[in-house]
Amino acid sequence: MALSSTNNLACDAVDLIMSDIDESIQLDLMMGADQSIKSINTTNIIVDGKQTDMSISELFDNKKFSHFAGVTYSCSPKFINKYLNAFDTLKIVIGINEDTLQTANGNVLSQMQLKRQLIDIVNDTMPKMMSSLSSEAINRLSNDEIELLVPTTSFTIHSKFYLLWNDDITQTRVIFGSANLSDTAFNSNIRQFEDVLVFDNSDYFNLYQTKILLMRLSFQNQKNLLMILLIISMKKMN
């Protein structure tokens, strides 16, 4: 089928859909003036089976919980600074960071591919991360109080789950859903639909604690990769 014919069919389909929408609603949609649409809470938070409104600080409560471990598709340094840096321990597995450290198809990286990607990261990605991370977070990284794992082997991760617990594990929380560790993901004012499921003092905690332990062990050899790149980036920036 010719491209022009395909485009014509698409236009006809859109016209058919729009013809079923009231003209005033069309105008609201086009102009962004429909207040009911603007007021939609796009972040759907369910805590122990009940829908609720929780702020990011309440979800990642560093007063109730002392420790954080999580797996995320991408992670914002600003999110770490603002919401996660106060935890006594912080361990994050970043499946595919925003600049894509690993190949999307999950193939094992060749040595040359890995070298080229790491050079790009040192020259571009890491300076940006360094400029965004707080000095306190950088110090904690160097002291192993913060652990960032990035698999550069054959693993591809798209999981998002987060574990919080206190020192004696009498209080635990499991958070999972579609949200990455970013302000955008947890901001209900942004038109991005997210689902966040929260379970306090649940058996899910032990299950996911075991899962994240196995994942961290799998990436043992990559443990210090980000730290090495961060140090190199610091030298480049000075």
Side-chain angles (χ1 to χ4, degrees), residues 41-98 129-130 132-141 143-150 157-213 215-216 219 226 230:
N41 187 340
T42 56
T43 304
N44 183 39
I45 300 175
I46 307 294
V47 180
D48 294 329
K50 296 181 181 180
Q51 191 170 33
T52 186
D53 288 326
M54 292 182 76
S55 67
I56 302 176
S57 297
E58 289 172 326
L59 277 171
F60 299 97
D61 189 344
N62 55 53
K63 294 180 175 61
K64 183 177 182 179
F65 306 103
S66 307
H67 308 280
F68 177 96
V71 177
T72 182
Y73 180 81
S74 64
C75 182
S76 163
K78 292 181 180 179
F79 194 90
I80 293 176
N81 294 339
K82 191 171 182 180
Y83 300 109
L84 305 181
N85 194 37
F87 286 99
D88 292 346
T89 59
L90 177 60
K91 302 180 187 298
I92 304 174
V93 175
I94 305 173
I96 306 175
N97 72 3
E98 292 170 358
M129 177 176 277
M130 288 299 298
S132 299
L133 278 176
S134 67
S135 57
E136 182 184 358
I138 294 171
N139 289 334
R140 295 190 67 199
L141 266 168
N143 294 328
D144 291 330
E145 295 174 23
I146 294 179
E147 177 185 275
L148 300 178
L149 293 177
V150 181
I157 300 172
H158 201 264
S159 304
K160 296 114 179 172
F161 65 89
Y162 316 112
L163 309 179
L164 297 81
W165 67 98
N166 61 358
D167 287 332
D168 56 7
I169 319 184
T170 56
Q171 296 290 328
T172 65
R173 171 169 291 173
V174 178
I175 302 171
F176 49 51
S178 62
N180 292 304
L181 294 177
S182 68
D183 280 309
T184 301
F186 288 93
N187 189 342
S188 60
N189 295 319
I190 295 177
R191 292 189 177 185
Q192 176 172 304
F193 284 96
E194 301 282 4
D195 288 288
V196 179
L197 304 179
V198 181
F199 296 90
D200 285 338
N201 302 319
S202 163
D203 290 340
Y204 284 126
F205 180 82
N206 292 331
L207 293 173
Y208 277 86
Q209 191 178 42
T210 300
K211 181 175 181 178
I212 199 170
L213 176 62
M215 295 174 80
R216 289 177 60 238
F219 309 143
L226 280 183
L230 284 169

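Since this is a predicted model, take the numbers as computed values, not measurements. In this chain, residues are counted from 1 in sequence order.
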How are the rings of Tyr162 and Phe186 set relative to one another: parallel (under 30°), tilted (30 to 60°) or perpendicular (over 60°)?
-> tilted
Should the pair Phe87 and Phe68 be assigned to parallel (<30°), tilted (30 to 60°) or perpendicular (>60°) ring geometry?
-> tilted
NZ (Lys82) and OG (Ser76) are apart, to the nearest 0.5 Å, by 10.0 Å
How far does CG of Asn206 sit from NZ of Lys211, to the nearest 0.5 angstrom?
-> 15.0 Å
Where do Asp167 and His67 land on the side chain to side chain contact (heavy atoms under 4.5 Å, CB included) test, with the steps shown first?
-> CA-CA 8 Å; Asp167 287 332; His67 308 280; 2.7 Å; yes
Between Ile45 and Gln51, is any pair of side-chain heavy atoms under 4.5 Å apart?
->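 Ile45 does not reach Gln51 side chain to side chain.
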If you count the non-hydrogen atoms of other residues, nucleotides and ligands that lie under 6.0 Å from OH in Tyr204, is the total more than 12?
-> no
Are there more than 12 heavy atoms of other residues, nucleotides or ligands under 6.0 Å from atom CG of Asp168?
->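 Atom CG in Asp168 is crowded, with more than 12 foreign heavy atoms closer than 6.0 Å.
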Applying the side chain to side chain contact (heavy atoms under 4.5 Å, CB included) test to Val196, which of Ile46, Val47, Ile175 qualifies?
->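 For Val196, the side chain to side chain contact (heavy atoms under 4.5 Å, CB included) check succeeds only for Ile175.
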Option from Ile146, Val71, Leu181 for which side chain to side chain contact (heavy atoms under 4.5 Å, CB included) with Ile92 holds =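 One option only clears the test, and that one is Leu181.
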Go through the side-chain N and O atoms of Asn166 and Thr170 and say whether any donor and acceptor fall under 3.5 Å apart.
-> yes
Just by distance, with hydrogens left out, do Asn44 and Glu194 show a side-chain donor and acceptor under 3.5 Å apart?
-> no
State whether the side chain of Asn201 and the backbone N or O of Thr172 hold a donor-acceptor pair below 3.5 Å, judged by distance alone.
-> yes
Donor-acceptor contact below 3.5 Å, side chain Asp183 vs main chain Phe79 |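 No, because the side chain of Asp183 does not come within donor-acceptor range (under 3.5 Å) of the backbone of Phe79.
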Exercise: identify the closest heavy-atom pair between Ser134 and Asn85 = OG-ND2, 4.0 Å
Heavy-atom pair with the smallest gap, counting every atom of Glu58 and Asp53 = OE1-O, 4.2 Å
Establish, yes or no, whether a centroid distance under 6.0 Å links the rings of Phe161 and Phe199.
-> no
Check the pair Trp165, Ser66 against side chain to side chain contact (heavy atoms under 4.5 Å, CB included), reporting the backbone distance first and the verdict last.
-> CA-CA 6 Å; Trp165 67 98; Ser66 307; over 6 Å; no
